[in-house]
Undergrad: 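Below: one structure in structure tokens.
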Amino acid sequence: MAIRLDSHSVKAHYMLGLALLNRDELTEGIKELEKSLELGRGAHPASYMVEEIWQELSKAKYIEWESLSRERVCQLHMLKEACKQALRNYNSLDNPAAYAPEEQLNELEEVFQKAAKSDIPAEVPDHLCCKITLDIFRDPVITPSGITYERAVLLDHLHRVGKFDPVTREALEPHQLIPNLAIKEAVHAFLSEHGWAYRMR
């Protein structure tokens, strides 16, 4: 009802997202949280609510990745066993007692290890992480000095510490921050393939 009254309400989309997650409607819940985050960043990028929304969204996306990852592991295992059996059958056409050569089985194992690699947690590349928080970017902005930071963290620094770049110490005003769309796209692509990176520290 709240969303029907105000489709641009950050809180309405957020509360609906949480309600859907509580009902185990993961996909729809994630959509609502993503909408809420998008609206929140546009209105108050440094607000506590944007951080809260991101945390809930990250948890949901990690749960989604876990579920999909388990399915992929199961499917890969079944496919690997089927491929092994097919190799054995092929090699035993002329000799029923023959087994698939060790080299072929090793090559097959290597192929499936590579296929499963994206689901194995590793380090997030440095260029996708904020220099202040060391966490993966959520809303990256670039300063005139060419350094990219997390928007909310940098705005907080400018407000609480002083209006200067944390690394270069050059004078810096909030209006000088420009969204780093290239890094944002890179983060989105990375998270799409490596859902484990949504896990909060």
Side-chain angles (χ1 to χ4, degrees), residues 10 14 17 26-27 30-31 33-70 72-73 76 110-201:
V10 175
Y14 176 55
L26 197 60
T27 303
I30 285 172
K31 280 182 188 173
L33 290 180
E34 286 175 335
K35 182 64 178 175
S36 176
L37 186 63
E38 180 189 335
L39 292 169
R41 282 175 174 165
H44 306 287
S47 76
Y48 76 92
M49 192 163 186
V50 168
E51 174 63 20
E52 193 175 308
I53 296 165
W54 170 260
Q55 289 195 21
E56 292 298 334
L57 178 59
S58 292
K59 279 189 238 172
K61 292 289 274 184
Y62 184 79
I63 290 168
E64 181 183 52
W65 167 78
E66 273 191 317
S67 175
L68 292 172
S69 178
R70 279 193 295 269
R72 282 192 294 269
V73 167
L76 280 173
E110 194 176 323
V111 167
F112 278 93
Q113 279 179 359
K114 285 179 181 176
K117 194 173 181 181
S118 64
D119 277 332
I120 299 171
E123 289 294 318
V124 176
D126 288 343
H127 70 282
L128 300 182
C129 296
C130 175
K131 293 190 180 301
I132 299 175
T133 66
L134 304 180
D135 283 331
I136 194 163
F137 282 116
R138 308 166 191 182
D139 189 14
V141 290
I142 191 165
T143 64
S145 61
I147 299 175
T148 299
Y149 298 97
E150 181 60 38
R151 183 195 295 273
V153 175
L154 184 54
L155 287 174
D156 185 63
H157 165 85
L158 296 178
H159 176 70
R160 293 174 184 272
V161 183
K163 293 187 176 177
F164 58 88
D165 188 303
V167 173
T168 67
R169 316 291 287 184
E170 293 174 14
L172 182 63
E173 294 288 339
H175 71 266
Q176 293 178 285
L177 307 181
I178 299 170
N180 192 329
L181 299 179
I183 288 293
K184 193 171 185 177
E185 248 337 282
V187 167
H188 179 73
F190 184 83
L191 288 172
S192 295
E193 290 188 15
H194 307 89
W196 48 262
Y198 275 110
R199 187 161 200 170
M200 303 297 290
R201 290 188 178 190

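Owing to the predicted nature of the structure, the values given are computational and were not obtained by experimental measurement.
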Undergrad: Can you run down the side-chain hydrogen bond (donor to acceptor under 3.5 Å, both in side chains) pairs that involve residues 177-191, sequence neighbours left out, and say none if there aren't any?
TA: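 Matches after skipping sequence neighbours: Thr148-Asn180.
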Undergrad: Parallel under 30°, tilted from 30 to 60°, perpendicular over 60°: which one fits the rings of Trp196 and Phe190?
TA: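 Rings of Trp196 and Phe190: perpendicular, over 60°.
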Undergrad: Has Ser36 got a side-chain atom pairing as donor or acceptor with Val10's backbone, closer than 3.5 angstrom?
TA: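 Yes.
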Undergrad: Measure the shortest side-chain to side-chain distance between Leu155 and Leu177 over non-hydrogen atoms and say whether it is less than 4.5 angstrom.
TA: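 The answer is yes; the side chains approach within 4.5 Å.
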Undergrad: Suppose the criterion is ring-ring contact (aromatic ring centres under 6.0 Å, His included): which pairs have a residue in residues 123-153, not counting sequence neighbours?
TA: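 Checked against ring-ring contact (aromatic ring centres under 6.0 Å, His included) - neighbours excluded - no pair reaches residues 123-153.
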Undergrad: To the nearest 0.5 Å, what is the distance between CZ (Arg138) and CZ (Arg41)?
TA: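 Here the interatomic distance stands at 8.5 Å.
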Undergrad: What are the two closest non-hydrogen atoms of Cys129 and Val124, and how far apart are they?
TA: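 In this case the closest contact between Cys129 and Val124 is SG-CG1, 3.7 Å.
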Undergrad: Just to verify, what does Arg70 make a salt bridge (charged side-chain N to carboxylate O under 4.0 Å, His left out) with, not counting sequence neighbours?
TA: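 Salt bridge (charged side-chain N to carboxylate O under 4.0 Å, His left out) check on Arg70 returns nothing, list empty.
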Undergrad: Taking atom CG of Asp139 and atom CD1 of Ile183, what is their separation to the nearest 0.5 Å?
TA: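 Going from the CG atom of Asp139 to the CD1 atom of Ile183 covers 13.0 Å.
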Undergrad: Measure the CG-NZ distance between Leu33 and Lys31 for me, rounded to the nearest 0.5 Å.
TA: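 Separation between the atoms: 13.0 Å.
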Undergrad: Can you tell me how far CG of Leu134 sits from CG of Asp126, rounded to the nearest 0.5 angstrom?
TA: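 CG of Leu134 is found 8.5 Å from CG of Asp126.
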Undergrad: Can you sort out the partners of Val153 under side chain to side chain contact (heavy atoms under 4.5 Å, CB included), two or more places apart, ordered by chain and number?
TA: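 Once residues adjacent in sequence are excluded, the partners of Val153 under the side chain to side chain contact (heavy atoms under 4.5 Å, CB included) criterion are Ile132, Thr133, Glu150.
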Undergrad: Considering residues at least two apart in sequence or located in another chain, which fulfil the side chain to side chain donor-acceptor pair (under 3.5 Å) criterion with Thr168?
TA: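 Not a single residue meets the side chain to side chain donor-acceptor pair (under 3.5 Å) criterion with Thr168.
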Undergrad: Taking ring pair (Phe, Tyr, Trp, His ring centres under 6.0 Å) as the definition, give me every residue that meets it alongside His157, ordered by chain and number, with sequence neighbours left out.
TA: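 Result, ring pair (Phe, Tyr, Trp, His ring centres under 6.0 Å) vs His157: Phe164.
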Undergrad: Can you see which heavy atom on Asp165 is nearest to which on Ile147, and at what distance?
TA: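 Minimum heavy-atom separation between Asp165 and Ile147: OD1-CD1, 4.2 Å.
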Undergrad: With Lys61, which residues qualify under salt bridge (charged side-chain N to carboxylate O under 4.0 Å, His left out), at least two apart?
TA: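 For Lys61 the salt bridge (charged side-chain N to carboxylate O under 4.0 Å, His left out) partners, ignoring immediate neighbours, are Glu34, Glu64.
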Undergrad: Supply the atom-to-atom distance Leu37 CG to Glu52 CD, rounded to the nearest 0.5 angstrom.
TA: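 If we round to the nearest 0.5 Å, Leu37:CG and Glu52:CD are 12.0 Å apart.
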Undergrad: Using the side-chain contact (heavy atoms from CB on, under 4.5 Å) rule, take Thr143 and Leu154 through it: C-alpha gap first, then chi angles, then the decisive distance, then the call.
TA: CA-CA 10 Å; Thr143 64; Leu154 184 54; 3.8 Å; yes
Undergrad: Mind jotting down which residue pairs meet the salt bridge (Lys or Arg N to Asp or Glu O under 4.0 Å) criterion with at least one end in residues 168-178? Sequence neighbours excluded, please.
TA: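 Passing the test, one end in residues 168-178: Lys163-Glu173.
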Undergrad: Indicate yes or no: at least one non-hydrogen side-chain atom of Lys114 is less than 4.5 angstrom from one of Glu110.
TA: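 When only atoms from C-beta onward are counted, Glu110 and Lys114 do touch, with a gap below 4.5 Å.
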Undergrad: Under the salt bridge (charged side-chain N to carboxylate O under 4.0 Å, His left out) rule, collect the residues that match up with Glu193, sequence neighbours excluded.
TA: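 In terms of salt bridge (charged side-chain N to carboxylate O under 4.0 Å, His left out), with neighbours along the sequence ignored, Glu193 is linked to no residue.
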Undergrad: Taking salt bridge (charged side-chain N to carboxylate O under 4.0 Å, His left out) as the definition, give me every residue that meets it alongside Arg160, ordered by chain and number, with sequence neighbours left out.
TA: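 By the salt bridge (charged side-chain N to carboxylate O under 4.0 Å, His left out) rule, Arg160 matches Asp156.
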Undergrad: Looking only at heavy atoms, which two atoms of Leu191 and Ala197 are closest? And how far apart?
TA: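 It is CD2-CB, 3.6 Å.
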Undergrad: Of all residues at least two apart in sequence or in a different chain, which pass the ring pair (Phe, Tyr, Trp, His ring centres under 6.0 Å) check with Tyr62?
TA: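 Residues passing ring pair (Phe, Tyr, Trp, His ring centres under 6.0 Å) with Tyr62: Trp65.
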Undergrad: How far does OG of Ser58 sit from CD1 of Ile30, to the nearest 0.5 angstrom?
TA: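 Those atoms lie 10.0 Å apart.
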